[in-house]
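Written out below as structure tokens is the structure these notes cover.
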Amino acid sequence: MTKVRTRFAPSPTGFVHIGGLRTALYNYLFAKRHAGTFILRIEDTDRTRFVEGATENLIHALDWAGLVPDEGPSSGGDYGPYYQSQRTGLYQKYARDLLDKGYAYYAFDTPEEIESMREKVRQAGAPPPKYDFHVRLNMRNSLTLGETEVQKLLDEGTPYVIRLKIPEDRTFDVEDKIRGRVSFNSSQVDDQVLIKSDGYPTYHLANIVDDHLMDITHVIRGEEWLSSVPKHLYLYECFGWQSPVMAHLPLILNPDKSKMSKRDITSLDDMPSGKVDPDVASYIKKGYEPEALINYIALLGWNPGEGDERQIFPVHDLVQEFSLERVNKAAAVFDLKKLDWINSQHISLKDTKELVERIKPQLAGKGIVPESDEYLVRVVDLLKTRMSFIDQFVTLGEYFFCEPEQYDPVTVKKRWKDDSVKLILEFIEEISKLEMFDKAGMEQALHRVAERNDAGAGRIIHPIRLAVSGTGVGPGLYELLEVLGRETVINRLKKGIKDIPKMKQ
RNA sequence: GUCCCCUUCGUCUAGUGGUCAGGACUCAGGAUUUUCAUUCCUGCAACAGGGGUUCGACUCCCCUAGGGGAUGCCA
């Protein structure tokens, strides 16, 4: 069997679409699953849309996501160049070949002429006309003009395009890996421009030529390409090449089921209702873990199958289990809530040491120097299951490193009672006597105070947490106290009973 | 308009003729001998509609509706 080769072939428009990332992911997974090669090819044949830095941005996003191409602009490879803009000679050559064989023709119509043709028909009837077999004999092209006239126009340097001459009544069938058999009739297909008047190829020509020359075995791309398949199939036929296996992926939609568009969005924290940001860079910036985003979008259209109810997949497992047969046909809605949950799951699963290293700079940025690595490890262990994002660490756990400067007013109002001072004083007394300042001892101490005062544990727990951390939420109280240490706890409790009552006045 | 694709809980989905239609997120309630944003448990909630085929349809066929894509010298 030939070696699997897949390609991700984005056009560098300036940002990476979340759907594009998923396409890249599926191409990557499929290639890796079959010990094949994953290729990045830049489809930059639209010079009017050239965006400075777009390719770098693209490569950076793939890199971040861990989808590093085996071949591509920054990886090299034997099938380069990997920029289509650097392959124009090739496309010219193959277009000429089509011309010679009569599969394609020159067309000299200006955009204005075509527009006026369309306008005329539009006014006469209803259906907006295509440049196809209905109209091609009424236009200015090498089918209607005669050889000498064509040669003359060419010699004069008249702008022209090369169009594919689609046969009139043909059926094209594709056996799509995801959708099964799909058929098209050529009567619905227009005479696609192959070479534009600026000499650059269109996507349709370039992708066929490159996929063939680069030995691509499987074309995995978005559903928006499905209706172009007959053109592509016909091109393969004209060239006498074998078509790669095709798989058309479903779309990813906004919560309101519209297409995800960059236009809708200003920032990830401020999205119009029903919309979601399609720009991968926004997710990077917001602090999502790459594995989490990958995990989430993998599940947006793929699942491991019957009886397998896992939600959390390391990339390695995805590679192991991915198959095109298990990709869904229907479009999926992007759900930020589930992404966030998956992100928190991945953080919980991370090695504490790794988290510690990533958290250090965060602390340093706040001017916080932990007393020791060992202490930091204990704090991270306590908090890692509670973080949705790693950059929440300081907000969540600042009190582990500095005395609280203020007490959350809502919690004060809700939890601080008239007897709080008394209860805390008794608690201080109890823990001062403790032989071992540990969870068990603290729990017993607390319950002794509770019983003695005929109060629920909560009546003491809440004020203690508040005095010690300044907040109403956090890890288990006993663990929290244990990590903080006796001296700190007692100091903070004393400070709390002095300062918090002032807030109640 | 035409062509193509799609349609199971709010969302992601399992399911390939006989299931109490399962799981996950969200939400609600509860438990951890009454912290919480962790963990655990419970609950709410779906086969778009109509025709067939069949002893029997979420599963197969047809129609309708809805959604999406294409219809460019953009990809």
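In what follows, every chain begins at residue 1, and chains take the letters A, B, ... in the order their sequences are listed. Scope of the values below: all heavy atoms of this structure, side chains included, with no hydrogens, waters or symmetry mates.
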>> Using the C1' atom as the point on both nucleotides, what is the distance between rA14(B) and rU8(B), in whole Å?
In response: 10 Å

> Out of rA75(B), rC74(B), rA24(B), which has the shortest distance to the side chain of Gln311(A)?
Replying inline: rA24(B)

>> Once you apply a heavy-atom cut-off of 4.0 Å, does Thr45(A) come out as touching a base, just sugar-phosphate, or nothing?
In response: sugar-phosphate

> Roughly how far apart, to the nearest Å, are rU7(B) and rC47(B) at atom C1'?
Replying inline: 10 Å

> When you measure from the side chain of Asn141(A) to the backbone N and O of Tyr105(A), does any donor-acceptor pair fall under 3.5 Å?
Replying inline: no

> Looking for any heavy atom pair under 4.0 Å, which part of the strands does Arg221(A) touch: base, sugar-phosphate only, or nothing?
Replying inline: nothing

> Ion pair present between Arg118(A) and Glu113(A), side-chain N to carboxylate O less than 4.0 angstrom?
Replying inline: no

> Would you call Lys275(A) and Asp256(A) a salt bridge, taking side-chain N to carboxylate O under 4.0 Å as the test?
Replying inline: yes

> What does Leu477(A) touch in the nucleic acid at a heavy-atom separation under 4.0 angstrom: a base, only the sugar-phosphate, or nothing?
Replying inline: base

> So what does Leu339(A) hit on the nucleic acid, given a heavy-atom distance under 4.0 Å: a base, only sugar-phosphate, or nothing?
Replying inline: nothing

> What interatomic distance, in whole Å, is found between P of rG29(B) and the corresponding atom of rA37(B)?
Replying inline: 11 Å

Between the protein and nucleotides 2-4 of chain B, are there any N/O to N/O pairs under 3.5 Å, and if so, what are the atom names and distances?
{"residue": "rU2(B)", "atom": "O2'", "partner": "Gln188(A)", "partner atom": "OE1", "Å": "2.9"}
{"residue": "rU2(B)", "atom": "O2'", "partner": "Gln188(A)", "partner atom": "NE2", "Å": "3.3"}
{"residue": "rC3(B)", "atom": "O4'", "partner": "Gln188(A)", "partner atom": "OE1", "Å": "3.3"}

Review item, side-chain donor-acceptor pairs of residues 11-26 of chain A, under 3.5 Å, at least two apart:
{"residue": "Arg22(A)", "atom": "NH1", "partner": "Leu300(A)", "partner atom": "O", "Å": "2.5"}
{"residue": "Arg22(A)", "atom": "NH2", "partner": "Pro250(A)", "partner atom": "O", "Å": "2.2"}
{"residue": "Thr23(A)", "atom": "OG1", "partner": "Gly19(A)", "partner atom": "O", "Å": "3.0"}
{"residue": "Tyr26(A)", "atom": "OH", "partner": "Ala298(A)", "partner atom": "O", "Å": "2.8"}
{"residue": "Tyr26(A)", "atom": "OH", "partner": "Trp302(A)", "partner atom": "N", "Å": "3.4"}

>> So if I take residues 439-457 of chain A and measure heavy-atom distances to RNA chain B, which residues fall below 4.0 Å?
In response: His447(A), Gly456(A), Ala457(A)

> Who passes side-chain contact (heavy atoms from CB on, under 4.5 Å) against Pro73(A), sequence neighbours left out?
Replying inline: Leu40(A), Ile42(A), Ile59(A), Tyr82(A), Tyr83(A)

> Would you call Asp190(A) and Lys231(A) a salt bridge, taking side-chain N to carboxylate O under 4.0 Å as the test?
Replying inline: yes

> Partner of rA28(B) by Watson-Crick or G-U wobble geometry, both contacts under 3.5 Å, or none?
Replying inline: rU42(B)

>> From C-beta outward on Val473(A), which listed nucleotide comes closest to its side chain: rU39(B), rA37(B), rC74(B)?
In response: rA37(B)

> How far, in whole Å, is rC3(B) from rU59(B) if one measures between their C1' atoms?
Replying inline: 28 Å

>> Taking the minimum atom-to-atom distance to the side chain of Lys338(A), which one of rC74(B), rC36(B), rA24(B) wins?
In response: rA24(B)

>> What I want to find out is whether Arg378(A) reaches Glu482(A) closely enough, with some N-O distance under 4.0 Å, to be called a salt bridge.
In response: yes

>> Can you tell me how far apart CD (Glu321(A)) and CG (Asn303(A)) are? Round to the nearest 0.5 Å.
In response: 11.0 Å

>> Run the side-chain contact (heavy atoms from CB on, under 4.5 Å) test against Lys259(A) and tell me which residues pass, sequence neighbours left out.
In response: none

>> Nearest to the side chain of Lys259(A), heavy atoms from C-beta on, is which of rA37(B), rG69(B), rC12(B)?
In response: rG69(B)

>> Distance check, C1' atoms only: rA21(B) and rA65(B), in whole angstrom units.
In response: 24 Å

>> Looking at Val394(A), is its backbone amide N or carbonyl O close enough to the side chain of Gln362(A) to form a donor-acceptor pair, meaning the two atoms are under 3.5 Å apart?
In response: yes

> Does Arg179(A) make a side-chain donor-acceptor contact with the base of rC5(B), cut-off 3.5 Å?
Replying inline: no

> How far, in whole Å, is rC20(B) from rC4(B) if one measures between their P atoms?
Replying inline: 40 Å

>> By nearest atom, which of the nucleotides rC36(B), rA24(B), rA75(B) is closest to the Trp225(A) side chain?
In response: rA75(B)

> To the side chain of Glu224(A), which of rU26(B), rC6(B), rG69(B) is closest?
Replying inline: rG69(B)

> Residues from residues 16-26 of chain A sitting under 4.0 Å of RNA chain B, heavy atoms only?
Replying inline: none

> What does Glu113(A) touch in the nucleic acid at a heavy-atom separation under 4.0 angstrom: a base, only the sugar-phosphate, or nothing?
Replying inline: nothing

> Considering only heavy atoms, which members of residues 162-171 of chain A lie under 4.0 Å from some atom of RNA chain B?
Replying inline: Arg163(A)

>> Within the 4.0 Å heavy-atom criterion, would you say Asp109(A) contacts the bases, only the backbone, or no part of the nucleic acid?
In response: base

> Watson-Crick or G-U wobble partner for rG1(B), using a 3.5 Å limit on both distances?
Replying inline: rU71(B)

> Applying side chain to side chain donor-acceptor pair (under 3.5 Å), which residue pairs with at least one partner in residues 379-389 of chain A are found, sequence neighbours left out?
Replying inline: Thr352(A)-Asp381(A), Thr352(A)-Lys384(A)

> Which part of the nucleic acid, if any, lies within reach of Pro255(A) when heavy atoms closer than 4.0 Å are counted: base, sugar-phosphate only, or nothing?
Replying inline: nothing

> Looking at Asn328(A), does any N or O in its side chain come under 4.0 Å of the phosphate oxygens OP1/OP2 on rA14(B)?
Replying inline: yes

>> As a test of reading the structure: which of rU26(B), rG68(B), rU13(B) is closest to the side chain of Glu223(A), going by heavy atoms?
In response: rG68(B)

> For residues 443-456 of chain A, which residue pairs qualify under side chain to side chain donor-acceptor pair (under 3.5 Å), counting only residues two or more places apart or in two chains?
Replying inline: Lys422(A)-Asn453(A), Glu426(A)-Arg452(A), Glu426(A)-Asn453(A), Glu430(A)-Arg448(A), Glu430(A)-Arg452(A)

> Of Leu300(A) and Gly472(A), whose closest RNA chain B nucleotide lies nearer the 5' terminus?
Replying inline: Leu300(A)

> When we call it a touch if two heavy atoms are under 4.0 Å apart, what does Val333(A) touch: a base, just sugar-phosphate, or nothing?
Replying inline: sugar-phosphate

>> Of the options rU38(B), rA14(B), rG68(B), whose atoms approach the side-chain atoms of Leu251(A) most closely?
In response: rG68(B)

> For Gln406(A), which residues count as a side chain to side chain donor-acceptor pair (under 3.5 Å) partner, sequence neighbours excluded?
Replying inline: none

> Ring centroid separation for Phe334(A) and Tyr296(A), is it under 6.0 angstrom?
Replying inline: yes

>> At 4.0 Å (heavy atoms only), tell me whether Arg326(A) reaches a base, stays on the sugar-phosphate, or touches nothing.
In response: sugar-phosphate

> Between rG68(B) and Lys329(A), is there an OP1 or OP2 to side-chain N/O distance shorter than 4.0 Å?
Replying inline: no

> Between Arg49(A) and Asp46(A), does at least one N-O distance fall below 4.0 Å, as a salt bridge requires?
Replying inline: yes

> Among the nucleotides rG10(B), rA24(B), rA75(B), which one has an atom lying closest to any side-chain atom of Asp335(A)?
Replying inline: rG10(B)

> When we call it a touch if two heavy atoms are under 4.0 Å apart, what does Pro304(A) touch: a base, just sugar-phosphate, or nothing?
Replying inline: nothing

>> For Arg41(A), give me all partners under side chain to side chain donor-acceptor pair (under 3.5 Å), at least two apart in sequence or on another chain.
In response: Glu43(A), Asp211(A)

>> Holding to side chain to side chain donor-acceptor pair (under 3.5 Å), I want the full list of residues that pass it with Tyr203(A), two or more places apart in sequence or in another chain.
In response: Arg221(A)

>> Suppose we define a pair by two distances each less than 3.5 Å, Watson-Crick or G-U wobble; what does rU7(B) pair with here?
In response: rA65(B)

>> Applying a 4.0 Å non-hydrogen cut-off, can you work out what Gly222(A) is touching in the nucleic acid: base, sugar-phosphate, or nothing?
In response: nothing

